Protein chains: 2
Amino acid sequence: MERGMAATEGGGGVPAYRGAAREVAARILAGDIGPGGRVPSERELAVEYGISRMTARSAIRLLEKRGLVERRGRSGTFVSAPKIEIDLSSVAGFSSRLLRQGISPGAEVVEARTVPASEIDARGAESLGVSADEAVHVLVRTRTGNGEPLALEESHFPARLCPDLLERDLTGSVYDVLRESYGLDPAHLRQEVEVTQLDTDAAEKLGVRADVPILRVVRVAWDAERRPIEFARDLYRGDRLIFVSDTEQTSEEG
Amino acid sequence: MERGMAATEGGGGVPAYRGAAREVAARILAGDIGPGGRVPSERELAVEYGISRMTARSAIRLLEKRGLVERRGRSGTFVSAPKIEIDLSSVAGFSSRLLRQGISPGAEVVEARTVPASEIDARGAESLGVSADEAVHVLVRTRTGNGEPLALEESHFPARLCPDLLERDLTGSVYDVLRESYGLDPAHLRQEVEVTQLDTDAAEKLGVRADVPILRVVRVAWDAERRPIEFARDLYRGDRLIFVSDTEQTSEEG
DNA sequence: AATTTAATTTGGTATATACCAAGCGGTATG
DNA sequence: CATACCGCTTGGTATATACCAAATTAAATT
């Protein structure tokens with residue numbers, strides 16, 4: 001077999017790496033390997049399917065992209081656990097969302113500082129309706145579920161609405177703190193969800209590999225008086241979380 | 001330079017492919033290459049950064065994962081266009097969502113058949129509340145915007161609610177057809193959004209490469225009487241679309 | 001039996017190379 | 001000017017190989 005010719009093998013012109021991926025996926029979906037179970041190594045798959053190790057890697061990479069498996073550096077490749085649901089239709093915070101699914105939430109403050117609005121990105125400043133010299137709290141946290149890193153949050157709050165926010169305990173729900181300490185009750189969220197990828201810095205802060213699939217959520221929160229109280233850019237693990245939206249038709253529609 | 005040793009080069013132990021990706025990303029973000037503009041080829045990048053072509057590919061793959069570039073087979077790699085917003089908070093159909101953004105929507109029926117519910121997946125049958133022998137319409141369509149493929153939809157409708165649905169013109173809004181012809185008015189949606197990957201079959205139907213980032217939306221639609229009228233599994237291009245959710249706090253929250 | 005050390009396995013990074021098919025641009029011809 | 005053909009470029013698929021560091025397992029020692 002000459003190099004590069006295998007693309008014509010496998011019946012129907014299916015590249016070798018896709019054929020191998022399909023067969024491994026079938027094993028997983030058949031329950032032969034359960035959640036958390038070990039998938040054969042790259043070298044094992046190469047021998048088993050008569051392909052090169054690099055081709056076996058491409059097969060595993062494809063399964064990873066599909067969310068069927070996750071790779072742990074130097075340990076092996078394992079079948080992914082079921083995903084955690086995050087409800088987009090609710091203003092409930094991340095912590096309460098996890099608790100509802102019996103998952104123990106955690107949060108760790110990575111950075112907490114107060115800066116003039118000129119130092120945050122223009123969209124953030126505009127969304128919060130703050131002028132360039134106005135103070136803004138910047139809070140960066142990692143979020144975990146049952147000790148496993150799930151998200152990296154970067155939130156911005158206008159300091160004039162919650163002056164000493166960063167002096168409080170911020171390892172729980174920030175929305176609770178805003179509510180109880182400042183009378184700021186999140187009442188309306190706008191959230192944009194898109195596919196993206198971690199850069200090295202974010203991967204390090206979150207404590208996961210840089211090539212984990214990521215969903216970015218850009219969020220603006222308003223209180224009942226329609227004051228903008230938070231602008232956030234969050235990075236969620238697409239391999240562990242699924243977003244759910246429940247929508248009702250209002251009388252304006254149709 | 002020995003093979004495999006470059007991982008220690010580049011200052012601070014940054015792998016070569018990540019360094020190159022960072023520099024190309026900087027060029028894109030600086031506006032040196034605008035939307036639709038051509039990114040240097042793998043071979044050009046290899047020469048420019050003194051790396052192997054395979055390493056240059058890894059760099060481009062990383063940029064692709066971040067949604068900054070898109071690759072067109074044998075043509076080159078280009079900076080991605082701005083993304084189209086899809087509103088999760090509305091029951092408006094895909095077509096009207098595109099029209100609101102000045103984009104010309106299109107739809108093409110790929111498959112249309114009526115089968116007993118035993119032949120669709122169990123979750124679909126359960127969501128629609130149909131028994132195994134009950135007839136279900138299966139409609140598979142590709143959706144385009146300005147002629148460009150954007151989504152592959154697979155929808156299921158209980159035939160008893162819309163008996164001759166598949167005989168109608170289904171190249172426009174199906175929700176309009178349900179409304180006007182059967183008095184079925186979609187009033188409530190539940191949509192789950194997650195990261196996934198196209199298989200070869202879906203890639204072919206949609207007419208895009210199999211490794212385009214994909215967001216899968218699993219949807220159930222109910223009418224005003226709370227009858228389930230649609231179960232759908234849609235595949236949207238994550239490189240071209242962004243999902244937006246607007247959320248109001250109801251009086252129950254608290 | 002528990003702990004420590006050594007050996008093996010594993011994914012990660014990287015190079016070099018080969019071949020293919022599709023896309024695009026340039027050139028020649030009518 | 002329009003069309004057809006050709007050559008070059010490009011990403012896609014694949015092999016072989018090297019080396020590294022982290023994780024796991026096996027073996028040795030206490």
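Source: prediction; values computed, not measured. Letters A, B, ... mirror the listed sequences (proteins, then strands); counts begin at 1.
Counting to the nearest Å, the P atom of C/dC20 and the CD atom of B/Glu42 are 18 Å from each other. B/Glu64 places its CD atom 12 Å from the C1' atom of D/dG12, with the value rounded to the nearest Å. Taking atom CZ of A/Arg61 as the reference point, atom P of D/dG12 lies 12 Å away to the nearest angstrom. The distance between atom CD of A/Glu70 and atom C1' of C/dG12, rounded to the nearest whole Å, is 17 Å. Atom pair A/Arg43:CZ and D/dA18:P shows a separation of 13 Å (rounding to whole Å applied). Atom P of nucleotide D/dA14 and atom CZ of A/Arg53 are separated by 17 Å, given to the nearest angstrom.
Here the straight-line distance linking atom CG of B/Leu235 with atom OG1 of B/Thr142 works out to 12.0 Å at 0.5 Å rounding.
In this model, the phosphate group of D/dA14 is not approached by any side-chain N or O of A/Ser58 to a distance below 4.0 Å at OP1 or OP2.
Residue B/Ile51 is in sugar-phosphate contact alone, with no base atom involved, counting any heavy-atom pair closer than 4.0 Å across all strands shown. Backbone-only engagement by B/Thr77 is indicated by non-hydrogen atom pairs under 4.0 Å involving sugar-phosphate atoms exclusively. Residue contacts for A/Ser52: at a heavy-atom cut-off of 4.0 Å it reaches a base atom on one of the strands shown. Counting any heavy atom pair closer than 4.0 Å across all strands shown, A/Arg38 reaches sugar-phosphate atoms only and no base atom.
Take the nearest nucleotide of DNA chain C for A/Ser41 and for B/Met54: the residue whose nucleotide is more 5' is A/Ser41. If you find the closest nucleotide of DNA chain D to A/Arg74 and to B/Glu44, the one lying nearer the 5' end belongs to B/Glu44.
Here the two rings, on A/Phe243 and B/Phe243, have centers that are 6.0 Å apart or farther.
With A/Arg141 as the fixed residue, the side-chain hydrogen bond (donor to acceptor under 3.5 Å, both in side chains) test singles out one of A/Glu153, A/Glu108, A/Glu111: A/Glu153.
For B/Arg72 and B/Phe78, the positive end sits near the middle of the six-membered ring, less than 6.0 Å away and at most 45° from its axis.
No hydrogens or angles were tested; on distance alone, nothing pairs the side chain of A/Arg71 with the base of C/dG12 as donor and acceptor under 3.5 Å. Between the side chain of A/Arg72 and the base of C/dG11, no donor-acceptor pair of N or O atoms lies under 3.5 Å.
Ranking D/dA23, C/dA14, D/dA14 by closeness to the B/Thr55 side chain, first place goes to C/dA14.
The shortest non-hydrogen separation linking A/Ser80 to A/Gly67 is OG-O, 3.2 Å.
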